Amino acid sequence: MVTLTYDGSFEGLLTAIFEIYEYRFSDVSIVPADRAQANVFNDHRQSTSDPVKAERVWLGLKKKVSTAALNQLHRAFLSELPGIEDKLYQYVLYVFSSKLSVEYDYSNSFVLFIKQTDQKVRREKHRMEAFIRFQLTGDGLYYAICQPDYNVLPLLQNHFRERYADQRWLIYDSTRKYGIYYDLNTVETVSLSFSEEAGSGKNLQAVFDEKEELYQQLWQQYFTSVNIVARKNTKLHLQHMPRRYWKYLTEKQVQ
Amino acid sequence: MSDRTLEKLSILADAAKYDVSCSSSGSDRKNKDKGLGNASNGICHAYTEDGRCVSLLKILLTNHCIFDCAYCVSRKSNDVKRAAFTVQEVVDLTINFYRRNYIEGLFLSSGIFKNADYTMERLVLVARKLREEHNFNGYIHLKTIPGASDELLKEAGLYADRLSVNVEMPTEQSLKLLAPDKKREDMIQPMNYLKGAIIANREEKKLFKKAPQFAPAGQSTQMVIGATPESDLEVLFMASQFYKQMQLKRVYYSGYVPISNDNRLPAIGTPVPMIRENRLYQADWLMRFYGFKVNEIVSPENPHLDIDIDPKLSWALRNLQIFPVDINKADLQVIMRIPGIGVQSAKKIVSARQFSKLTWEHLKKIGIAVNRARYFITCQSKEFELKDLMPMQIKQRILSQGASKYQPNFSPQIKLF
């Protein structure tokens with residue numbers, strides 16, 4: 001069995017898939033370099049990301065399936081699930097082996113898996129669009145910290161750029177240690193060392209706009225007031241707003 | 001803006017919370033000239049502890065009211081704290097909540113002070129300020145005050161994404177009994193006006209793309225359920241009429257939360273009819289997304305929805321002659337009518353069966369509720385359910401397999417209501 005390692009990027013994965021065809025590997029597994037485990041029985045190969053090879057795979061797929069299906073592949077990749085590379089490879093294999101487009105063949109387990117994974121990633125993206133809470137700093141930056149289950153920041157850019165076109169904002173993924181920053185013109189990926197203390201509300205006065213605390217209080221008050229006690233339904237509440245997201249939700253910081 | 005605002009917010013959000021609508025979808029307002037916000041598919045930004053979505057800043061401009069509707073907390077005769085926001089306060093709250101990604105926009109309603117037009121004018125003023133002075137393109141839902149003039153409605157439609165007039169009660173008799181100051185025609189008349197204006201605007205937009213939008217997310221309404229003795233038949237026929245004749249986007253059903261000792265109403269402490277409300281929404285979904293006609297769901301012989309099973313299942317049990325359906329052949333419309341299969345799964349089935357004959361294994365993976373659906377379908381397999389089961393037997397088997405989330409409520413006592 002061949003273990004093919006790649007750099008963890010989408011381009012890297014497409015390159016790896018190209019090389020499987022190029023070197024005619026059979027019985028192969030693609031693993032990101034940082035997750036690869038040494039195994040004496042396996043043949044280890046390393047693939048280096050190559051934009052030309054990646055492009056060829058992408059264009060090849062484009063001839064076979066719709067743009068929607070291509071986007072699905074990309075989003076499924078962002079799930080970072082262990083083994084997602086092999087599933088994506090099997091999907092690609094199935095696409096290239098068929099004459100017609102197989103993107104709607106949900107009786108094929110790989111096609112269905114990619115579709116379902118894509119749904120999970122999109123749900124997480126949607127959750128982040130809902131649960132991001134900006135705080136306004138003294139120098140006019142709206143910033144938010146989040147910990148999404150999947151690597152969804154790349155999918156969030158457009159939504160936040162279109163919506164908050166007239167304010168500078170920064171969204172930071174504290175699991176993956178990078179953020180996206182909008183400077184009123186473009187969105188850029190930034191990696192910075194960010195102290196979590198700043199977001200915990202302890203030193204609100206020091207860093208934040210003078211009105212920030214007031215609006216947080218108002219929001220908390222609103223959240224409490226709209227609740228109808230006679231209809232309490234904790235199960236439903238938790239289903240929609242699982243506990244793991246509470247950490248960064250302003251309305252959940254009151255005790 | 002400080003303690004006083006905090007107090008006002010708590011009073012006026014509390015008073016607005018019985019209006020159940022919080023949807024922010026159905027509009028397609030783009031961000032204009034690098035301003036603030038846009039509105040399209042709707043996002044629920046938070047969920048309260050009762051599990052309801054918080055999408056909009058839903059408040060009353062004031063809870064002072066000259067009307068005395070028995071079911072309403074803000075009624076004139078009720079001894080509650082009164083407050084009123086200034087226009088600027090509402091604008092500031094909306095903008096600042098929106099910028100922090102707390103909300104999708106504003107849902108502004110109001111108690112009626114002085115008269116209908118005076119109140120409506122204030123609501124429109126808030127919307128105008130947001131749109132014109134702050135270039136705010138987020139979602140705005142304005143309540144239409146019954147009896148307000150057409151000119152004001154027209155202006156409201158130019159700023160708001162959605163407008164709504166609440167009919168409050170499913171029938172005119174109930175309205176007369178509980179809201180003696182309100183008249184049915186005062187509610188129907190603005191609805192009619194808005195319907196006309198929305199249709200005219202759509203036609204205009206076909207000809208001139210640049211024509212201003214008029215209430216792009218349409219209009220909606222709300223009925224209070226369980227305060228008066230109407231049957232589900234009356235409620236759903238009324239809703240169906242609103243969808244068809246008034247082209248409403250949504251009808252909301254609000255389970256009555258007892259708030260007063262008025263002897264015309266259920267006493268304080270009576271449980272909120274949450275299951276009934278849920279069943280009504282399920283029936284509503286069947287009408288809007290599953291192609292059901294209202295008389296397939298309720299009829300004079302079955303004027304009430306079943307409490308222990310959902311309306312689709314009970315329809316299927318009444319119409320067993322149609323089943324079993326062959327999953328590999330039936331039309332999408334028919335597959336959507338099978339209990340245990342939703343719109344999404346039905347579409348997946350129709351796509352997938354072009355590639356191979358579907359088996360139970362496929363169906364499970366696609367995510368249908370096989371536990372329910374198995375009594376109503378056949379697929380590529382020799383294993384079928386015994387076909388000569390009686391409706392009651394199927395119902396018993398399905399109920400015994402899963403514990404309904406409402407199980408504790410199925411005691412015989414509750415069934416009396």
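Lettering follows sequence order; numbering is per chain, from 1. Keep in mind that what you see is a predicted model, and the values were worked out from it rather than measured.
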Legend entry - Passing option when A:Q216 is tested against A:K211, A:Q135, A:E251 for side chain to side chain donor-acceptor pair (under 3.5 Å): A:Q135
Inset, instruction - Measure across B:S10 and A:S225 and return the closest heavy-atom pair with its distance rounded to 0.1 Å. - result: CA-OG, 3.4 Å
Legend entry - Which portion of A:Y222 sits near chain B, non-hydrogen atoms under 4.5 angstrom: both
Inset, instruction - Please look at A:Q220 and chain B and tell me whether the side chain, the backbone, both or neither of the residue comes under 4.5 angstrom of a heavy atom of that chain. - result: neither
Inset, instruction - Sort out for me which residue in B:T378, B:T359, B:L358 forms a side-chain contact (heavy atoms from CB on, under 4.5 Å) with B:N328. - result: B:L358
Legend entry - Most contacts with chain A, counted as non-hydrogen pairs under 4.5 angstrom, among B:E361, B:Q354, B:K58, B:K357: B:K58
Inset, instruction - Output the distance between atom CG (A:L249) and atom CE (A:M241), rounded to the nearest 0.5 Å. - result: 5.0 Å
Inset, instruction - Side chain from CB out, backbone as N, CA, C, O: work out which of these in B:E277 comes under 4.5 Å of a heavy atom of chain A, or both, or neither. - result: side chain
Inset, instruction - Output the distance between atom OG (B:S109) and atom CG (B:L61), rounded to the nearest 0.5 Å. - result: 9.0 Å
Inset, instruction - May I ask you to name which of A:F131, A:F223, A:F160, A:Y245 has the most heavy-atom pairs under 4.5 Å with chain B? - result: A:F223
Legend entry - Given A:K125, A:R133, A:R127, the one that forms salt bridge (charged side-chain N to carboxylate O under 4.0 Å, His left out) with A:E129: A:K125
Inset, instruction - Go through A:V226, A:L238, A:T234, A:V111 and name the one with the most non-hydrogen pairs under 4.5 angstrom from chain B. - result: A:V226
Inset, instruction - Locate the shortest heavy-atom distance separating A:H237 from B:T48; write the atom from each residue and the value. - result: ND1-O, 3.0 Å
Inset, instruction - Write down the atom of B:E104, the atom of B:G42, and the distance for their closest heavy-atom approach. - result: OE1-CA, 4.1 Å
Legend entry - Aromatic ring proximity B:Y102/A:F134, centre distance under 6.0 Å: no
Inset, instruction - Identify which of A:A130, A:S109, A:A230, A:A165 forms the greatest number of heavy-atom pairs closer than 4.5 Å to chain B. - result: A:A130
Inset, instruction - Using non-hydrogen atoms and a 4.5 Å limit, figure out which bit of B:R99 sits close to chain A: side chain, backbone, both or neither. - result: both
Legend entry - Member of A:R123, A:H74, A:Q72 meeting the side-chain contact (heavy atoms from CB on, under 4.5 Å) criterion with A:D118: A:Q72
Legend entry - Under 4.5 Å from a heavy atom of chain B, the part of A:T224 involved: neither
Legend entry - Pair listing, ring-ring contact (aromatic ring centres under 6.0 Å, His included) test, anchored in residues 75-118 of chain A, at least two apart: A:F10-A:F77
Inset, instruction - Using non-hydrogen atoms and a 4.5 Å limit, figure out which bit of B:L57 sits close to chain A: side chain, backbone, both or neither. - result: both
Inset, instruction - Identify which part of B:L36 has an atom lying under 4.5 Å from any heavy atom of chain A, answering side chain, backbone, both or neither. - result: both
Legend entry - Part of A:Q239 lying under 4.5 Å from any heavy atom of chain B: neither
Inset, instruction - Give, as side chain, backbone, both or neither, the part of A:L112 having an atom under 4.5 angstrom from any heavy atom of chain B. - result: side chain
Legend entry - Residues from residues 25-34 of chain B approaching chain A under 4.5 Å (heavy atoms): B:N31, B:K34
Legend entry - Heavy-atom pair count under 4.5 Å with chain B, highest-scoring of A:N227, A:N108, A:T250, A:L136: A:N227
Inset, instruction - Taking the six-membered ring for Trp and the full ring for Phe, Tyr or His, determine whether the centres of A:W169 and A:Y182 are under 6.0 Å apart. - result: yes
Inset, instruction - With side-chain hydrogen bond (donor to acceptor under 3.5 Å, both in side chains) as the test, would you mind laying out the steps for B:Y98 and A:R163 before giving the verdict? - result: CA-CA 10 Å; B:Y98 195 87; A:R163 173 159 293 198; 3.2 Å; yes
